[in-house]
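Here is the structure we will look at, set down as structure tokens.
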Amino acid sequence: MRVAISTGGGDAPGLNAVIRSVTLCATRRGWEVIGIRDGFNGLMFPDQYIEGSGAFRLERHMVRGIGYLGGTVLGSTNRGNPCRFPVEQPDGTFVYEDRTDHLVSLFRKAGIDALITIGGDGSLSIGQRLYEAGLRVIGVPKTIDNDLDKTTVSFGFDTAVHVATESIDRVFTTATSHSRVFVVEVMGRYAGWIALNSGVAAGAHAILIPEIPYRLEPVAAMIKRREARGAHFAIVVVAEGAMPKDGHRSVVGQAADQAERLGGIGELVAQELTALTGKEARTVVLGHLLRGGTPTAQDRLLGTRFGAAAVRALDEGLDGVMVALNEPRVDYVPLVEAIGSMRTVPLDCDTLMAARDVGISFGDGA
Ligand code: F6P
């Protein structure tokens, strides 16, 4: 059995734990493991790599000690989707080609029997297309945003929440010393999980998430109430995908073959809060810091479990499924179901209720 591993989309802490786990579990079964560089580029464009290194044999000594490293030793990309490959035309426009069958033929040529693809909704959708085109595929869910519906959590999220919480703790220091309002913008795309969990954990005073379109008047009122009782500072956590009621998301840009890039909402919120309260408001954008550095123990553990479950799935003859956490088990769900729906914060979830109970504003009250 020859199994390939590929990591696609944004990097997430815990990817290397999955790579290590797959390599150990597969080689212990006497299987061969092939690491593909930069999504599928290593296989599709071998000439761009030093002789033979685009898709190379992963041996157990090569994954020794990588579990605690952030990022992915295989590299990643969120460009050049092989199922909708952008080809630039002389006039600067793009034509999109479906290269799925070509990619499957490259897997066959390399003697690869199955693919373990580790990624978010984008990479898992590519996995589903490859499966439909005849390749044996197992998906492993990866996202710091926690927005994949069929697994209770994916690795990367815990580290992101941990880093965001610690960063908000640090912002408190200057906020209290200088009696300022601080707006902390965090990633999360169209889901508010990172903002909600880190904001509640760090004791923020307002949290703005995509699931609850906000008005800033209630947030300003909360800041003024705090002011009146002698608390001259406030922390507002804003998810990058949050949007004002009757307004729209803040988008930085969108390249031809990529998802829109969110960002900038934090500064807009800070400016408006200054206008409403007269207080100095500063913005901190945590951005990619949430994806970097050492994965938490939980993300390494989950990565190791997912990698082992993916190899077990192949051993059990499964195909076209994604491994999914459903404690105490790891289940297998059809890839097609996993990519079909996004998980956002339910408005009746306990964390949201607890946050409201302790007095956190979501910009939707009075
Ligand atoms: O999906 C993970 C994520 O980090 C989102 O939270 C964020 O919107 C996006 O990726 C940023 O992607 P990039 O690194 O391509 O700008």
Side-chain angles (χ1 to χ4, degrees), residues 6-16 18 38-39 41 70-72 74-81 84 86 117-127 139-151 153-165 167-168 184-199 207-211 237-243 248-268 283-293 295-296 299 302-303 322 338-339 341-345:
S6 146
T7 55
D11 61 318
L15 276 170
N16 285 322
V18 185
D38 306 331
N41 288 353
T72 159
L74 292 176
S76 190
T77 180
N78 46 17
R79 293 174 183 216
N81 178 346
R84 199 169 176 274
T117 179
I118 315 167
D121 54 349
S123 307
L124 295 173
S125 301
I126 297 170
V140 175
K142 167 239 65 169
T143 165
I144 65 161
D145 305 332
N146 198 32
D147 59 355
L148 286 167
D149 196 29
K150 294 294 178 212
T151 179
V153 75
S154 55
F155 64 87
F157 175 61
D158 187 62
T159 306
V161 170
H162 185 86
V163 175
T165 304
S167 307
I168 300 165
V184 183
E185 181 182 311
V186 298
M187 282 186 167
R189 216 176 273 279
Y190 307 119
W193 291 108
I194 298 176
L196 177 65
N197 285 22
S198 62
I207 302 173
L208 307 178
I209 58 176
E211 294 82 351
V237 178
V238 187
E240 62 178 1
M243 55 180 174
H248 51 81
R249 284 200 177 88
S250 181
V251 177
V252 184
Q254 182 165 26
D257 64 327
Q258 289 177 56
E260 60 183 10
R261 273 179 57 213
L262 302 174
I265 191 71
E267 187 54 31
L268 297 176
T283 314
V284 174
V285 180
L286 296 181
H288 293 84
L289 290 177
L290 302 184
R291 288 184 358 200
T296 58
D299 283 340
L302 194 52
M322 180 189 85
I339 58 178
S341 53
M342 180 167 69
R343 190 237 308 268
T344 52
V345 175

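Ligands are counted one by one from 1 in listed order, and the atoms in each one are counted from 1 as well. Worth saying up front: this structure is predicted, and the values here are computed from it rather than measured.
Evaluated by nearest non-hydrogen atom to atom 2 (C) of ligand 1, the leading choice among D145, T77, D11, D121 is D145.
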Practice task
Would you check, one step at a time, whether the test side-chain hydrogen bond (donor to acceptor under 3.5 Å, both in side chains) holds for T159 with D299?
Solution key: CA-CA 7 Å; T159 306; D299 283 340; 2.5 Å; yes
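With salt bridges taken as basic N to acidic carboxylate O contacts below 4.0 Å, none links R343 and D147.
Judged by distance alone, the side chains of T165 and S198 never bring a donor and an acceptor atom under 3.5 Å apart. Side-chain contact of T296 with D158: a donor-acceptor pair under 3.5 Å is present, judged by distance alone.
For ligand 1 and N78, the ligand atoms under 4.0 Å from any heavy atom of the residue are 15 (O). If you number the atoms of ligand 1 from 1 as listed, the ones under 4.0 Å from a heavy atom of H288 come out as 13 (P), 14 (O), 16 (O). Taking every heavy atom of I144 and a limit of under 4.0 angstrom, the matching atoms of ligand 1 come to 4 (O).
Each of L286, V284, L289 was scored for a side chain to side chain contact (heavy atoms under 4.5 Å, CB included) with S167, with one residue passing: L286.
At the top of the distance list for atom 11 (C) of ligand 1, counting protein heavy atoms only, stands R291 NH1, 3.6 Å. Among protein heavy atoms, atom 9 (C) of ligand 1 sits closest to R189 NH2, 3.3 Å.
At least one N or O atom of E240 sits closer than 3.5 Å to an N or O atom of ligand 1. The shortest N or O to N or O distance between G188 and ligand 1 is under 3.5 Å.
One distance of note links CZ of R291 with CG of L15; it measures 10.0 Å at 0.5 Å rounding.
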